[in-house]
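Notes follow once the structure below has been shown.
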Amino acid sequence: MNSIRTRFAPSPTGYLHVGGARTALYSYLFARKNGGDFILRVEDTDEERSTEDSMRMQLADLKWLGYEYQEGVDATTLKDRGPVGPYRQSQRLSIYREHADRLLKEGKAYYCFLTDDEIERQREDAMKAGRPHQVVSPYRDWSLKDAEKKISEGGVKPTVRFRVPDLTREYTFLDLVRGEVKFPSDMVGDFVLLRSGGMPVYNFCCVIDDALMKISHVLRAEEHLSNTLRQLMIYEAFGWATPQFGHLSIILGPDRQKLSKRHGATSVNEYRERGYLPEALSNFIALLGWSSPKAQEILSMKDMIEQFSLDRLHSAAAVFDEAKLKWVNAQHLRALPHDELWRRAEPFLTGAGLKLPDDPDWRDRSLQVFKTSMELLTDAVELYRPLAKIPLTLTDEARETMSWPTSRGVIEEWRAQLKAKSGESYLTESEFSAIQESVKTNRKVKGKELFMPIRVAILGKPHGAELKVLVPLIEMSTLIERADQVLGFV
RNA sequence: GUCCCCAUCGUCUAGAGGCCUAGGACAACUCCCUUUCACGGAGUAGACCGGGGUUCGAAUCCCCGUGGGGACGCCA
């Protein structure tokens, strides 16, 4: 077991959020950079909201992103892997119970019989009086014996509360991204460790697991910063050394509110479906709160592992800017070898029902033409659609082009020239150039009045890639059909 | 309300007291390349939240204010 051990501990209540992905990425990078272990633990103690489906999806997303972990719940088998499991909190209940008992015995925790209604009333009263609303339990000073007696009488299910030390003092720790952070101990009241149903609560499991799993560095979202006080108290109660904490700033939407559903896509899964590359998403989210020491903007996973360090983590919240994500994606996408790029784009192409040649050379040439206009893998669909054997749909701009006085003649000539060569399956670049030349001289048309109508007869729109590279990618029969179609002969 | 965190171009950021007339990237705009579109290249515009200190000197350190965010649960 390595001495540097990080973990990512998602709760399986929905999709993996990009914020979670960033936390996972930093934890992964830090472990990789330092030859440490990266552990995946599932925090599924919220019985209401946790589902196995969510867990499966989140693990799949992590796998897609490529953040491999040495220990944790396996993404495909869903089985534990590693020496300090189980790695699902719902399977560690007896461990938490034992530890709660230990605190109970030592007088550091107590059984509390307060009902929800009573707590609610306390909260309202505190609110009215302008006091911080902390639970004050009348059972705080009961002896363990009395409490156990009450339980054995039946009818009540108590929670186990942590007894916050009476002495008011300051808890301090050195945050990896924020530096020294101080909390007054009276910031919190006695908090629940075990729910009345016996299920432990986040702060409790988190401490026990991080300690037992020998986690050395805990990287987590900023919303946990104030939880750290409670956790520090628990560590102290057990006499355990604390790991190092690093609280990552929040990711915001364009309105500077915490990134959420109403801002659009927030889940990793959605970005995958929209045609983003995992390495590009990782690159982009890494830059939301971290910067390369070489000021590099485009980084591979390997680059990030090499360059990652905690001291370059930024403590201010960052706005998620999809325009930049797109640019990052485009850079990664265009750098991919063509066979790899095709492999990634193909599912989107077939998903759109496009049947394209499986000739590797054709694919290579077509990608050469199209990749400069692709930012997302999904962009391939509209780019390749005209290359498939399907009829054209004309854009408004195309109709306008066709309304030029010379356009019809150009296409008639184009079609005639094509028909003369109808025996061939594809036109070569030089054959196309020759045809275009003769259309030009025969019809005495040049410039955009020449090539725009031809482009419309090929693509259905007057803009796009260069004709001499485009035409050799389209079957002759399709070319002729389209010329017919545009002339209204369909 | 109480406590905690944060604050550099529209956005992501560099900046650890003099290297800063504040650098880079995305987006915007202009031009070049191009018989279109995109790619690419060159350039323009654009920021240290406010006020007090400390210091010979502050974007950088301290205090106050303001703004934003987070936490105050038998959620995580």
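These numbers come from the heavy atoms of this one structure, side chains and all, not from hydrogens, waters or symmetry mates.
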Review point. When the distance from OH of A:Y110 to P of B:rC74 is rounded to whole Å, what number comes out?
Key: 11 Å
Practice item. Could you state the atom-to-atom distance from CE of A:M233 to P of B:rC3 in whole Å? Key: 16 Å
**Study point:** Residue closer to the 5' end of RNA chain B, A:V177 versus A:L313 (nearest nucleotide)
**Key:** A:V177
Sequence neighbours excluded and cut-off under 3.5 Å, please list the side-chain donor-acceptor pairs for residues 451-471 of chain A, or say none.
unit_1	atom_1	unit_2	atom_2	d
A:R455	NE	A:P462	O	2.9
A:R455	NH1	A:G464	O	3.3
A:R455	NH1	A:A465	O	2.4
A:H463	NE2	A:E397	OE2	2.9
A:E466	OE2	A:K468	NZ	3.4

Exercise for review: Please say whether the positively charged group of A:K150, taken as NZ for Lys or CZ for Arg, lies over the ring of A:F113, i.e. under 6.0 angstrom from the six-membered ring centre and within 45 degrees of the axis.
Suggested key: yes
Exercise for review: If a pair satisfies salt bridge (Lys or Arg N to Asp or Glu O under 4.0 Å) and one of its residues is in residues 365-381 of chain A, list it, with sequence neighbours excluded.
Suggested key: A:D361-A:R365
Practice item. I would like to know whether A:R41 and A:D210 meet salt bridge (charged side-chain N to carboxylate O under 4.0 Å, His left out); could you show each step before the answer? Key: CA-CA 10 Å; A:R41 179 172 79 225; A:D210 284 337; 2.9 Å; yes
Review point. Can you find a side chain N or O atom of A:H314 that sits less than 4.0 Å from OP1 or OP2 on B:rA14?
Key: yes
Check your understanding: Considering only side-chain heavy atoms of A:M187, which listed nucleotide, B:rC3, B:rG10, B:rA7, is closest?
Key -> B:rC3
Practice item. Using whole Å, report how far CD of A:Q122 lies from C1' of B:rC72. Key: 14 Å
Practice item. Hunt down the Watson-Crick or G-U wobble partner of B:rC33, both distances under 3.5 Å, from any strand shown, or write none. Key: none
Review point. Hey, does the side-chain of A:S249 have a donor or acceptor N/O within less than 3.5 Å of a partner on the base of B:rC6?
Key: no
Point to revise | Distance flag, aromatic centroids of A:Y202 and A:Y96, threshold under 6.0 Å | key: no
Check your understanding: Of all the choices, B:rC74, B:rG70, B:rC12, which nucleotide is nearest to the side chain of A:A318 once you look at every atom?
Key -> B:rC12
Exercise for review: Verify the contact: side-chain N or O of A:S226 to OP1 or OP2 of B:rC72, cut-off strictly under 4.0 Å; return yes or no.
Suggested key: no
Review point. Do any side-chain nitrogens or oxygens of A:R230 fall under 4.0 Å of OP1 or OP2 in B:rC72?
Key: no
Check your understanding: Given the C1' atoms of B:rC26 and B:rA14, what is the spacing between them in whole Å?
Key -> 15 Å
Check your understanding: So, do A:Y171 and A:F183 have ring centers that fall under 6.0 Å from each other?
Key -> no
Review point. Between A:P10 and A:K324, which is nearer to the 5' end of RNA chain B once each is assigned its nearest nucleotide?
Key: A:K324
Check your understanding: Which nucleotide in the set B:rA14, B:rA25, B:rC5 lies at the smallest distance from any side-chain heavy atom of A:E297?
Key -> B:rA25
Check your understanding: Has A:R312 got a side-chain N or O lying under 4.0 Å from the OP1 or OP2 atom of B:rG15?
Key -> yes
Review point. What's the closest nucleotide to the A:A323 side chain, out of B:rA76, B:rC26, B:rU13?
Key: B:rC26
Point to revise | Nucleotide B:rC3, atom P - distance to NE2 of A:H224 in whole Å | key: 23 Å
Practice item. Test A:D166 against A:R140 for salt bridge (charged side-chain N to carboxylate O under 4.0 Å, His left out), laying out the working first. Key: CA-CA 11 Å; A:D166 287 319; A:R140 181 173 220 263; 2.9 Å; yes
Practice item. To the nearest Å, give me how far apart CG (A:L288) and C1' (B:rG69) are. Key: 15 Å
**Study point:** Whole angstrom value for the distance that separates P of B:rC74 from OH of A:Y139
**Key:** 15 Å
Exercise for review: Identify whether the distance between the nearest side-chain nitrogen and carboxylate oxygen of A:D190 and A:R230 falls below 4.0 Å.
Suggested key: no
Review point. In whole Å, what is the span from the OH atom of A:Y96 to the P atom of B:rC74?
Key: 19 Å
Check your understanding: Between A:T45 and B:rA76, does any side-chain N or O lie under 4.0 Å from OP1 or OP2?
Key -> yes
Check your understanding: How about A:F432 and A:Q417: do any of their side-chain heavy atoms sit closer than 4.5 Å?
Key -> no
Study note, to complete from the structure: The nucleotide from B:rU11, B:rA27, B:rA76 with an atom nearest the side chain of A:W327 is B:rA27
Review point. Just by protein heavy atoms under 4.0 Å, how would nucleotides 28-39 of chain B read 5' to 3' in B, S and -?
Key: -------BBBBS
Check your understanding: With both distances kept under 3.5 Å, what pairs with B:rC72, Watson-Crick or G-U wobble?
Key -> B:rG1
**Study point:** Opposite nucleotide pairing with B:rU66, Watson-Crick or G-U, both atom distances under 3.5 Å
**Key:** B:rA7
Review point. Rounded to whole angstroms, how far apart are CD on A:Q231 and P on B:rA71?
Key: 14 Å
Check your understanding: Per the atom types in the model, does the base of B:rA76 pair as donor or acceptor with the side chain of A:N203 at under 3.5 Å?
Key -> no
Point to revise | A:Q257 side-chain proximity, nearest of B:rG10, B:rG15, B:rG69 | key: B:rG69
**Study point:** Any strand: nucleotide that pairs with B:rA38 via Watson-Crick or wobble, under 3.5 Å
**Key:** none
Review point. Considering every strand shown, what is the Watson-Crick or G-U wobble mate of B:rA45 when both distances are under 3.5 Å?
Key: none
Check your understanding: Which one, B:rC74, B:rG10, B:rG70, comes nearest to the side chain of A:D321?
Key -> B:rG10
